[in-house]
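Structure record follows, encoded as structure tokens.
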Amino acid sequence: MKKNLSGIGIKPIYTAQEQTSPQTEEAGKFPFTRGIRNDMYLGRLWTMRQYAGFSTAEESNERYHYLLKQGTTGLSVAFDLPTQIGYDSSHAMSEGEVGKVGVAIDTLSDMESLFKGIQLETVTTSMTINSTASTLLSMYVALAKKQGADLTKIGGTIQNDILKEYAARGTYIYPVRPSMRIITDIFEWCSHELPKWNTISISGYHIREAGSTATQELAFTLANGRAYVESALQKGLDINVFGQRLSFFFNAHNDFFEEVAKFRAARRIWANTMKELGATDPKAMMLRFHTQTGGSTLTAQQPENNISRVTIQALAAVLGGTQSLHTNGYDEALNLPTEKAARIALRTQQIIGFESGVVNTVDPLGGSFYVEELTNAMEAAALKLMDQIQSMDGAVSAVENGWIQEEIARSAYMYQQQIEDKSLIIVGVNKFQTKEEGEIPSFKIDDSIRDMQIRKIENVKSNRNQSEVDKNLADLENACGSGENLMPKILNAVENYATLGEISDSMRKCFGEYAIQ
């Protein structure tokens, strides 16, 4: 019997007699297996959101304007590593990394440049930021206020998922439990000040990129989601309120039907989890998610083949019922995507949405003998893993004791073994190789960007009210120790042009830094 990448056995044929559950579920109704809306894409298409950010805020701003002109319907910001781990561009730890894998944001001045000419009321913005999510969100809010925007109309998402950083990605700053406190502070503050903002994007994407299977991605992501909900409940927050602002972020890989089943199973598991935790409003039980095609599936060999891979993955996300989608550039295994690659990636979504016909009915694969059984099998496998995590006292403990990290590492090793022994074929890598001809146009960032950012920081510091900044930072440090909500203190510091590094350092003084045991 063949098996998919999660190790689930696949029968040669599926028949009606083997169906284990009655197919009476409806789209838009609990447990939302068939979709969170009864009309899905008949009402409106998913948000076509292209991920971009590089070099300076000014250069990234040019790319955003380009993407908006090409028809993208949402922006998605990538930040450089120093920004992600709370260091200013001028810090010694930032050398060699400024602007390289995303845009450098040191102060509110950079955020103003990043969105110059873009009214924040008219777009939704997703920000891939975790440890410093509270600071970057505060900068975004400060800019919206300067634009005169109505904060109740501002929409978007911060990733804000710190547990997967310890498990799979590594851009953490503080220990686990203080980090969880910051996240619940954001939940609480946004429920009053920014009601349309998605306060977290619980991310399976990076878990999958680190080498997990699809069922592990599903289980570990939803277990992390449960931990955030339980943390918010312990703080006394209303699950029917904050539950509506939770979103998820999944990977789309190459095993087409496995991915479709994963998305369907995710909605069902999450609806039942939220109901178990006390949610009564259906909107708080809905799993809404963004999808990105699999970065780790892209190959440097025969990179044009990546266009086909991305198309298959994007189609799986759409047939799985995604609310938002980013498609990778075919050249991303080599460098940051060029404008041409970004345009092809966006056009892939538009062709699926406007030419393929798959949006003309709700859940078109629903009722397929294979898809329904695979959905059930993915659900069962994920629930088994989630039960193991709960037996360890939940995801926080499972991260702290290293169990989740070990499981991901084991799967990554087995996947690589399959490639090397050719039991898993990667076209152009371990079979169907050709001699590479010609060069793909490259897009690189040079190290002069750091000097430019340092000059910007120096200019901001010379023009701000230093005594006010000092007071704001002292207030923030005191709030870290007192237990009061940190968001108002961070926003005050941001509005007076405190740097991201200064804000992070104030919190480091109280919380310390996470160290791998």
Side-chain angles (χ1 to χ4, degrees), residues 28-32 35-37 124 126-127 129-130 133-134 136-138 140-141 144 150-164 176-203 221-249 266-290 323-324 386 389-390 393-397 479-480 482-491:
K29 293 186 178 180
F30 181 91
F32 309 106
I36 62 169
R37 298 198 309 270
T124 60
S126 173
M127 295 190 278
I129 197 73
N130 299 283
S134 55
L136 271 298
L137 176 60
S138 294
Y140 195 85
V141 170
D150 180 352
L151 295 186
T152 65
K153 296 179 180 178
I154 296 296
T157 305
I158 43 174
Q159 193 167 106
N160 200 28
D161 174 6
I162 201 62
L163 289 176
K164 67 93 177 53
V176 179
R177 295 180 192 272
S179 295
M180 293 292 286
R181 176 259 180 103
I182 296 169
I183 288 169
T184 54
D185 280 358
I186 293 171
F187 286 3
E188 181 180 47
W189 186 81
C190 286
S191 68
H192 302 295
E193 304 294 333
L194 219 62
K196 288 185 66 177
W197 193 266
N198 296 325
T199 50
I200 194 168
S201 177
I202 305 157
S203 174
T221 304
L222 298 186
N224 288 348
R226 183 185 182 111
Y228 295 127
V229 171
E230 289 175 341
S231 181
L233 289 172
Q234 288 170 8
K235 194 165 184 174
L237 304 186
D238 185 344
I239 192 171
N240 287 316
V241 175
F242 75 79
Q244 297 186 39
R245 303 321 315 167
L246 306 179
S247 65
F248 289 80
F249 174 22
R267 281 191 292 271
R268 186 189 294 166
I269 294 170
W270 187 245
N272 284 306
T273 298
M274 290 296 278
K275 185 176 183 179
E276 175 194 336
L277 291 172
T280 55
D281 189 326
K283 290 183 179 179
M285 303 178 199
M286 294 177 182
L287 182 143
R288 296 165 297 117
F289 69 100
H290 169 70
Q323 278 64 66
S324 172
M386 292 174 72
I389 292 170
Q390 282 302 106
D393 200 26
V396 172
S397 295
C480 289
S482 71
E484 62 185 297
N485 194 299
L486 300 178
M487 285 300 293
K489 308 297 183 183
I490 296 171
L491 182 58

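In this chain, numbering begins with 1 at the start of the sequence shown.
- R181 places a side-chain N or O within donor-acceptor distance of the main-chain N or O of C480, the cut-off being under 3.5 Å.
- Contact detail for A271 and P31: the closest heavy-atom pair is CB-O, 3.6 Å.
- Here the side chain of R267 pairs a donor or acceptor atom with the backbone of F32 at under 3.5 angstrom.
- Considering all non-hydrogen atoms of both residues, A395 and A227 come closest at CB-CB, 4.1 Å.
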query: Would L136 and I158 satisfy side-chain contact (heavy atoms from CB on, under 4.5 Å), going step by step from the backbone distance to the final call?
result: CA-CA 9 Å; L136 271 298; I158 43 174; 5.8 Å; no
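- Within the 3.5 Å criterion, the main-chain N or O of L486 finds a donor-acceptor partner in the side chain of D185.
- Between H290 and F249, the two ring planes are tilted [angle within 30° to 60°].
- Under a 3.5 Å cut-off, the side chain of S191 and the backbone N or O of E188 do form a donor-acceptor pair.
- Side chain of N240 to backbone of T280: a donor-acceptor contact under 3.5 angstrom is found.
- Put simply, the side chain of N198 never gets that close to the backbone of S247: no donor and acceptor are under 3.5 Å apart.
- Note that the CG atom of L194 and the CH2 atom of W189 stand 5.5 Å from one another [nearest 0.5 Å].
- Across every non-hydrogen atom of G243 and M274, the tightest pair is CA-CE, 3.9 Å.
- None of I200, L246, L237, T273 except one satisfies the side chain to side chain contact (heavy atoms under 4.5 Å, CB included) rule with V229; the exception is L246.
- Checked by atom type and distance alone, the side chain of N130 never pairs as donor or acceptor with a backbone atom of I162 at under 3.5 Å.
- With rounding to the nearest 0.5 angstrom, the CZ atom of R245 is 12.0 Å from the CZ atom of F187.
- Ring geometry, W270 versus F248: the interplanar angle exceeds 60°, so the pair is classed perpendicular (tilted spans 30 to 60°).
- Counting heavy atoms from C-beta outward, K164 and Q159 have side chains that approach closer than 4.5 Å.
- Among all heavy-atom pairs drawn from M487 and S134, the shortest one is SD-CB, 3.7 Å.
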field: side-chain contact (heavy atoms from CB on, under 4.5 Å) evaluation trace for T184 with M180
entry: CA-CA 6 Å; T184 54; M180 293 292 286; 5.9 Å; no
- request: Could you give me the CA-CA distance, side-chain angles and deciding distance for L287 and I36, then say whether side-chain contact (heavy atoms from CB on, under 4.5 Å) is met?
  value: CA-CA 7 Å; L287 182 143; I36 62 169; 5.7 Å; no
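- With values rounded to the nearest 0.5 angstrom, S201 atom OG is found 10.0 Å from R288 atom CZ.
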message: Run the side-chain contact (heavy atoms from CB on, under 4.5 Å) test on I202 and F289 for me, step by step, so that the C-alpha distance in whole Å, both residues' side-chain angles and the decisive distance to 0.1 Å come before the verdict.
response: CA-CA 9 Å; I202 305 157; F289 69 100; over 6 Å; no
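- S482 places a side-chain N or O within donor-acceptor distance of the main-chain N or O of A479, the cut-off being under 3.5 Å.
- Contact detail for S138 and I490: the closest heavy-atom pair is OG-CG2, 3.5 Å.
- In this structure, the separation between CE on M285 and CZ on R268 is 16.0 Å, given to the nearest 0.5 Å.
- Sorted by first and then second residue, the salt bridge (Lys or Arg N to Asp or Glu O under 4.0 Å) pairs involving residues 271-284 (not counting sequence neighbours) are R226-E276.
- Put simply, the side chain of N160 never gets that close to the backbone of A133: no donor and acceptor are under 3.5 Å apart.
- Contact of the C190 side chain with the L137 side chain is registered, since non-hydrogen atoms from C-beta on lie closer than 4.5 Å.
- For the atom pair L151 CG and Y140 OH, the distance stands at 11.0 Å (nearest 0.5 Å).
- Across R177 and S397, no two heavy atoms sit closer than the pair NH2-OG, 4.0 Å.
- With a 4.5 Å cut-off on side-chain heavy atoms, E193 and V141 do not count as touching.
- Taking CG of L163 as the reference point, atom OG1 of T221 lies at 10.5 Å (rounded to 0.5 Å).
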